[in-house]
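Here's the structure we're looking at; comments come further down.
What you see below is based on every heavy atom in this structure, not just the backbone, and it leaves out hydrogens, waters and symmetry mates.
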Amino acid sequence: MTLIGVALAGCAQEPPVRPSPAPAFASEAEAFAAAEEIYRAYNDALNARLQGEDTPDPQTFLTGLALEGDIDAQNALQSWGIRSVGTTTISSFRGLEANTPSTTPVVTAHVCIDVTDLRVVDADGRDVTPADRGDVVAQHVTFVYVGSDPMVADEASADESSC
């Protein structure tokens, strides 16, 4: 055994030096553009869900609190016997902050969503959309990077007058 250990000792190598991960984006503008692209794809997936399509699944764009919130919302809508129909449109996307060049990037943005064509209906198909709901919803959205891809990590209502 000692002979094998001595023979192998000369073959031992130091572990390879791995470069630290490169930041997911080189500039704030690049980070905002990537986040906007993902949010628009997410909105398209939500619209597909509203049309009864299974793909793309909006949850593939979510992580953390945003994913938990979507799961909870879908369960609540089902238990209440209501559903959303129609479509939504991103009317504006404004990047707020991007921590470049961090290796764990976080991007925040203010998003205005036009919900004019989105209705809430009950099991009988009656429109039960709240009468006082506006035509635009403002959201403060936080994105985190999972690997090289930004994902929606949290969404919170923002002041609609900012849209």
Legend entry - Val106/Phe143 under side chain to side chain contact (heavy atoms under 4.5 Å, CB included): CA gap, chis, key distance, verdict: CA-CA 6 Å; Val106 176; Phe143 300 85; over 6 Å; no
Inset, instruction - Identify the heavy atoms of Pro150 and Ala34 that sit nearest to each other, and give their distance. - result: CG-O, 3.8 Å
Legend entry - Residues Asp114 and Thr88: side-chain donor-acceptor under 3.5 angstrom: no
Inset, instruction - Could you tell me whether the side chain of Arg133 and the main chain of Val115 form a donor-acceptor pair under 3.5 Å? - result: yes
Legend entry - Side-chain ion pair, Asp70 and Arg49, N-O less than 4.0 Å: yes
Inset, instruction - For Gln51 and Gly86, indicate whether the former's side chain and the latter's backbone hold a donor-acceptor pair under 3.5 Å. - result: yes
Inset, instruction - Check the hydrophobic clustering (I, L, V, M, F, W, Y; side-chain heavy atoms under 4.5 Å; chains of links allowed) and say if Leu50 and Ile82 are grouped together. - result: no
Inset, instruction - Check ring pair (Phe, Tyr, Trp, His ring centres under 6.0 Å) between Tyr39 and all other residues, then give those that pass, not counting sequence neighbours. - result: Tyr42
Inset, instruction - Quick one: pull up OG1 in Thr87 and CZ in Arg119 and give me the separation to the nearest 0.5 Å. - result: 11.5 Å
Legend entry - Check: Met151 main-chain N/O paired with Thr63 side-chain donor or acceptor under 3.5 Å: no
Legend entry - Pairwise side-chain contact, Leu67 with Gln59, heavy-atom cut-off 4.5 Å (strictly under): yes
Legend entry - Flag if over 12 foreign heavy atoms under 6.0 Å of CD, Glu53: yes
Legend entry - Interatomic spacing from CD1 in Ile113 to OG1 in Thr116 - rounded to 0.5 Å: 12.0 Å
Inset, instruction - Taking the side chain as every heavy atom from C-beta outward, state whether Ser157 and Gln139 have any pair of such atoms under 4.5 Å apart. - result: yes
Inset, instruction - Using the side chain to side chain contact (heavy atoms under 4.5 Å, CB included) rule, take His140 and Thr108 through it: C-alpha gap first, then chi angles, then the decisive distance, then the call. - result: CA-CA 7 Å; His140 183 269; Thr108 58; 4.0 Å; yes
Legend entry - Rounded distance (nearest 0.5 Å) linking atom OG of Ser91 with atom CG of Asp135: 10.5 Å
Legend entry - Side chains of Asn43 and Thr89 in contact at under 4.5 Å (non-hydrogen atoms): no
Inset, instruction - Find out if a path of hydrophobic residues (ILVMFWY) with successive side-chain heavy-atom gaps under 4.5 Å connects Val137 to Phe93. - result: yes
Inset, instruction - Evaluate the criterion side chain to side chain contact (heavy atoms under 4.5 Å, CB included) for residue pair Val121 and Val128; output intermediate values, then yes/no. - result: CA-CA 5 Å; Val121 297; Val128 295; 5.6 Å; no
Inset, instruction - Spell out, yes or no, whether Ile90 and Val141 are grouped together once hydrophobic residues are joined by side-chain heavy atoms under 4.5 Å, including indirect joins. - result: yes
Inset, instruction - Determine whether Leu62 and Ile71 fall in the same hydrophobic cluster, where Ile, Leu, Val, Met, Phe, Trp and Tyr are linked whenever their side-chain heavy atoms lie under 4.5 Å apart. - result: yes
Legend entry - Heavy-atom donor-acceptor pair, Asp124 side chain to Arg126 backbone, under 3.5 Å: no
Inset, instruction - Could you check if a side-chain atom of Val111 sits within less than 4.5 angstrom of a side-chain atom of Arg94, using non-hydrogen atoms only? - result: no
Inset, instruction - Enumerate the residue pairs fulfilling side-chain hydrogen bond (donor to acceptor under 3.5 Å, both in side chains) with a member in residues 71-83, sequence neighbours excluded, ordered by first and then second residue. - result: none
Legend entry - Closest non-hydrogen atom pair, Thr60 against Asp57: OG1-O, 2.8 Å
Legend entry - Over 12 non-hydrogen atoms of neighbours within 6.0 angstrom of CD in Glu37: no
Inset, instruction - Provide the closest heavy-atom pair for Ala45 versus Phe61 in the form atom of the first, atom of the second, distance. - result: CB-CE1, 3.8 Å
Inset, instruction - Could you check His110 against Ser162 for side chain to side chain contact (heavy atoms under 4.5 Å, CB included), going step by step and ending with a plain yes or no? - result: CA-CA 9 Å; His110 183 268; Ser162 60; 2.6 Å; yes
